[in-house]
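Let me begin by presenting the structure, written as structure tokens, before commenting on it.
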Amino acid sequence: MRSSVYFYPTLKETPQEAQIASHRLMLRSGMMTQVTSGIYAWLPLGLRVLQKITQIIREEQNKAGSLEVMMPTIQPAELWEKSGRYHDYGKEMLRMQDRHEREMLYGPTAEEVITDIFARFVKSYRDLPKRLYNIQWKFRDEIRPRFGVMRGREFLMKDNYSFDLTFEGAKASYQAMLEAYVKTFARMDLTAIPVRAASGAIGGELSHEFQILAETGESEIFYDVDYKNLDVNTLTLDRLQSLYAASDELHDPKICPVPEERLKTARGIEVGHVFYFGTKYSIPLGAYVMGPDNKQVPVEMGSYGIGVSRLVGAIIEAHHDENGIKWPISVAPFKVGLLNLNVKDKACTELCDGLYEKCLQAGVEVLYDDRDMGPGAKFADMDLIGLPWQIIIGPRSVGSGQCEVKNRRTGEKIELSLEDSLKQIV
RNA sequence: CGGGGUGUAGCGCAGCCUGGUAGCGCGCCUGGUUUGGGUCCAGGAUGUCGGGGGUUCAAAUCCUCUCACCCCGACCA
């Protein structure tokens with residue numbers, strides 16, 4: 001993609017509403033922009049990141065034996081009256097009427113809808129287990145939206161729902177999701193700690209929150225200091241769960257197994273949540289199957305959420321410096337930024353155009369800064385949007401045949417021939 | 001919802017106290033200049049001063065109502 005025809009309105013100054021790094025950087029890099037309180041429009045650069053994250057989540061969900069569906073954003077109140085949550089959900093639910101004055105709502109979650117679908121089609125234990133998920137926009141009319149996409153009112157969520165015949169089956173589903181989550185977050189260069197948690201309005205009996213440690217997190221957690229030393233690449237669920245972590249509501253110093261000197265407290269950003277809640281929805285919504293003993297049994301359920309749009313912010317919180325974002329390669333909007341330091345220099349531009357073509361042919365996602373601007377502004381913009389690699393070509397390169405390759409993460413710069421620069425990156 | 005704050009050009013802000021022709025920096029447009037870390041020079045465009053009502057000869061400025069947004073707290077992916 002050529003910068004000259006792309007659309008990423010970068011800002012030199014920080015918009016006054018942005019208090020935390022991720023919010024600031026998302027606005028400054030032109031990834032997204034606020035439409036109204038807690039509601040954002042995603043611009044091309046931000047959308048690419050959102051799509052990369054979505055795809056990683058999708059792949060890991062599929063590997064964990066789940067099937068993707070797509071449920072609507074608008075739901076009928078009826079289903080929620082059956083589950084009893086229409087009243088309980090309160091003002092956080094955005095309610096509306098259609099032209100027939102039928103009560104509708106913008107879905108804050110989808111237990112009712114998916115359970116109803118399941119109930120209508122699945123009648124036998126032989127069809128179990130089933131794990132169905134979708135990645136869809138949700139709306140929760142938060143008391144106080146803040147921190148950009150970290151706590152928006154409208155947000156993109158992956159929500160998975162498991163249906164099993166027995167408690168043991170449900171536990172296996174729960175475990176499969178825990179494992180999928182560890183892999184999912186690791187692929188984004190995040191160490192997310194599964195913290196035993198109290199379950200909120202969704203209700204339930206067994207529940208973990210996945211928290212990313214960050215000063216700007218909204219919840220307080222207690223954890224074993226060893227969490228800081230884990231290697232994302234070799235992380236396993238067993239290892240993660242062998243360490244102590246608890247939310248402040250559940251943490252009890254009296255029964256905490258971690259000696260005081262190893263116990264740390266920090267703020268966490270919740271990026272995922274897994275619940276087991278048994279038959280809480282299957283009974284009221286009539287999700288029964290025929291068991292092997294010819295008896296109707298309500299199915300055992302769990303639900304598993306990941307805040308997809310929140311993850312964009314969370315990843316930036318974990319990966320940035322004073323100059324801008326440092327994207328992990330797996331979610332970067334482009335893999336490499338190609339900087340033409342002087343577009344008016346014909347020979348220089350020829351070199352750049354040539355390398356750009358080669359990148360495209362090699363299937364390397366490249367943002368080619370071919371705008372007519374000073375070099376300083378280009379460096380600043382490229383650091384800000386945080387692509388993992390930069391290839392810098394200026395008039396100097398014309399004589400030498402060398403370009404500079406910069407690793408945004410480490411800041412390391414090396415001089416290479418144009419040929420080698422591409423090899424370095426691929 | 002309770003407490004605090006802000007609305008003036010696309011962005012960041014000054015002006016308001018003490019009423020009298022609406023300003024600065026960045027950005028934008030034109031021309032030139034410069035080209036390895038946000039070049040420099042010259043010229044130019046852009047505002048219902050968030051909105052309604054009131055006071056006054058006169059309101060960005062004073063009074064009043066209202067809307068929006070932000071920050072602190074309780075809730076959540």
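From a predicted model like this one, the values you see are computed outputs, not experimental measurements. Scope of the values below: all heavy atoms of this structure, side chains included, with no hydrogens, waters or symmetry mates. A, B, ... follow the sequence lines: proteins, then strands. Residue 1 opens every chain.
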**Base of rA77(B) and ring of Phe155(A) stacked, centres under 5.5 Å, planes under 30°** = yes
**Message:** Once you apply a heavy-atom cut-off of 4.0 Å, does Thr14(A) come out as touching a base, just sugar-phosphate, or nothing?
**Reply:** sugar-phosphate
**Prompt:** Rounding to a whole Å, what distance do you find between Arg140(A):CZ and rC75(B):C1'?
**Reply:** 10 Å
**Message:** Can you tell me which nucleotide in rU35(B), rC72(B), rG38(B) comes closest to the side chain of Arg144(A)?
**Reply:** rC72(B)
**Prompt:** Does a sphere of radius 6.0 Å around NZ in Lys335(A) hold more than 12 heavy atoms from other residues, nucleotides or ligands, not counting ones at 6.0 Å or beyond?
**Reply:** yes
**Asked** Is there a donor N/O on one and an acceptor N/O on the other, under 3.5 Å, for the side chain of Lys378(A) and the base of rU35(B)?
**Response** no
**Message:** Both distances below 3.5 Å, Watson-Crick or wobble geometry, any strand: find the nucleotide opposite rG37(B).
**Reply:** none
**Message:** Is it the case that the base of rG36(B) and the side chain of Ser397(A) share a donor-acceptor contact (distance under 3.5 Å, atom types as modelled)?
**Reply:** yes
**Complete:** Closest to the side chain of Lys413(A), out of rA77(B), rG37(B), rC72(B), is rG37(B)
**Request:** Could you check which of rC26(B), rU35(B), rC70(B) has an atom nearest any side-chain atom of Gln19(A)?
**Result:** rC70(B)
**Prompt:** Charged N to carboxylate O under 4.0 angstrom, Arg409(A) versus Asp189(A)?
**Reply:** yes
**Request:** Using the ring of Tyr40(A) (Phe, Tyr or Trp, six-membered ring only), decide whether Arg153(A) places NZ or CZ under 6.0 Å from its centre and within 45 degrees of its axis.
**Result:** no
**Item:** Derivation of the ring-ring contact (aromatic ring centres under 6.0 Å, His included) call for Trp137(A) and Phe155(A)
**Value:** CA-CA 5 Å; Trp137(A) 293 93; Phe155(A) 59 98; 8.3 Å; no
**Side chain of Pro395(A) (C-beta onward), nearest among rG27(B), rC75(B), rG36(B)** = rG36(B)
**Message:** Nearest to the side chain of Glu92(A), heavy atoms from C-beta on, is which of rG37(B), rC75(B), rC70(B)?
**Reply:** rC75(B)
**Request:** Compare the minimum distances between each of rG36(B), rU33(B), rA74(B) and the side chain of Ile143(A), then state the nucleotide with the smallest one.
**Result:** rA74(B)
**Item:** Which nucleotide in rA77(B), rG12(B), rG36(B) has an atom nearest any side-chain atom of Arg310(A)
**Value:** rA77(B)
